[in-house]
Structures are given as structure tokens and as C-alpha cells.
A.B. asks: 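Below: one structure in C-alpha cells.
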Amino acid sequence: MLKIIKIALPFLLVGALVAYQFMTPKGPLDIRAAPTELTINAGSLFADFSEDEEGANATYVGKVIEVSGQLNAIDQDEAGAYQLKLAVDDPLGQVICSLAPGENNPLGSASIGSTTTIKGVCTGYLFDVVIDNATIITQ
């Protein structure tokens with residue numbers, strides 16, 4: 001019995017250390033440092049979701065993407081976070097990009113009507129395409 005414990009104990013310790021590494025919270029994603037997985041314009045992104053939501057979910061959701069489009073509006077939600085809205089060809093839709101915590105106030109640097117590129121994590125489609133944890137790349 002003692003021999004089994006001597007053999008099993010190192011494996012249990014290594015397993016516990018590996019589990020600890022995977023279970024420890026990593027903190028928020030640094031979107032500026034994260035590699036871009038896909039680059040697309042806002043109109044094409046919205047069209048992909050409106051034509052085949054299931055296929056678009058498989059392609060875009062959970063991925064860091066760069067989206068370019070015409071800045072339609074800048075809003076602030078109840079929590080004080082800024083949302084940039086990119087225009088698409090559909091009058092009922094848009095791409096909503098929620099800026100990451102700590103991002104600068106976009107009101108002084110971004111102008112309505114200008115072409116803007118935003119990098120963030122695509123979270124899906126709820127009548128609009130939603131990009132979270134976003135940062136402004138170009139304006």
C-alpha cells in the first residue's frame with residue numbers, strides 16, 4: 001500500500017498543478033495585443049449573419065475580428081461604457097461595438113460619418129451584430 005502511495009502522489013501533485021493553471025482566472029483579454037483572426041467590413045459581417053446565422057456563428061462568434069465601416073453613432077450605456085455603431089446596408093440593422101473597460105472616450109477622436117476600424121470579440125447577432133471588448137484601431 002505504501003508503494004502505491006509513493007507512486008501515485010507525484011502524479012496527483014502534477015495533475016493538481018496542471019488543473020490549477022487551467023482554472024486560475026486569466027483576467028480580461030488585452031484586445032490590442034490579441035492577434036486578429038478575421039478582418040471584414042461591417043456590411044459583409046451583417047449580411048453573413050442575416051443570411052445564415054448558424055454559419056456566421058461558427059465563423060465569427062468568440063473570435064477577435066477587425067470590422068471597418070462608417071461610424072453611425074456613439075452612445076453611452078447605463079454603466080457608462082461607450083458603444084460605437086457602424087452603419088450597414090440594412091436600415092434596420094447595424095454593428096454595435098462596445099468599447100473595452102478603460103478605453104478612452106471616443107467623442108473627441110471619432111467623428112460621425114467617418115470610416116472607422118474597430119477590433120473586438122464578436123459575440124453574435126441580436127437583430128444587430130454585437131462586438132464586445134472593442135478598441136478603435138483607425139478613425
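Given the structure is predicted, the values throughout are model-derived calculations rather than measurements.
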A.B. asks: What pairs with Asn57 under side-chain contact (heavy atoms from CB on, under 4.5 Å), at least two apart in sequence or on another chain?
C.D. replies: Phe49, Glu53, Val61

A.B. asks: Are Ile74 and Val88 linked, directly or through other ILVMFWY residues, by side chains that come within less than 4.5 angstrom of each other?
C.D. replies: yes

A.B. asks: To the nearest 0.5 Å, what is the distance between CD1 (Ile112) and CD (Gln70)?
C.D. replies: 9.5 Å

A.B. asks: Applying salt bridge (charged side-chain N to carboxylate O under 4.0 Å, His left out), name anything that partners Asp75, two or more places apart in sequence or on another chain.
C.D. replies: Lys85

A.B. asks: Check whether any side-chain heavy atom of Ile65 sits under 4.5 Å from a side-chain heavy atom of Ile131, and report yes or no.
C.D. replies: yes

A.B. asks: Hey, what do you get for CG (Leu99) to CD (Gln76), rounding to the nearest 0.5 Å?
C.D. replies: 10.0 Å

A.B. asks: Partners of Asp128 by side chain to side chain donor-acceptor pair (under 3.5 Å), sequence neighbours excluded?
C.D. replies: none

A.B. asks: Could you walk me through whether Leu86 and Ile118 pass side-chain contact (heavy atoms from CB on, under 4.5 Å), step by step?
C.D. replies: CA-CA 9 Å; Leu86 301 179; Ile118 297 172; 4.2 Å; yes

A.B. asks: Check step by step if side-chain contact (heavy atoms from CB on, under 4.5 Å) holds for Thr116 and Ile136.
C.D. replies: CA-CA 7 Å; Thr116 304; Ile136 301 172; 4.1 Å; yes

A.B. asks: Going by the rule side chain to side chain donor-acceptor pair (under 3.5 Å), which residues pair with Ser68 if we only count those two or more places apart in sequence or in a different chain?
C.D. replies: Thr117

A.B. asks: Could you check if a side-chain atom of Leu71 sits within less than 4.5 angstrom of a side-chain atom of Leu84, using non-hydrogen atoms only?
C.D. replies: yes

A.B. asks: Hey, are the side chains of Ser98 and Gln83 touching, using non-hydrogen atoms and a 4.5 Å cut-off?
C.D. replies: yes

A.B. asks: Mind checking whether Ser50 and Tyr125 have side chains closer than 4.5 Å, heavy atoms only?
C.D. replies: yes

A.B. asks: Name each donor-acceptor pair under 3.5 Å that joins a side chain in residues 34-47 to protein atoms two or more places apart or in another chain, with its distance.
C.D. replies:
residue: Thr36; atom: OG1; partner: Glu66; partner atom: OE2; Å: 3.1
residue: Glu37; atom: OE2; partner: Val64; partner atom: N; Å: 3.2
residue: Asn41; atom: OD1; partner: Gly43; partner atom: N; Å: 3.2
residue: Asn41; atom: OD1; partner: Ser44; partner atom: N; Å: 2.7
residue: Asn41; atom: OD1; partner: Ser44; partner atom: OG; Å: 3.1

A.B. asks: Answer whether the closest heavy-atom distance between the side chains of Ile96 and Val129 falls below 4.5 Å.
C.D. replies: no

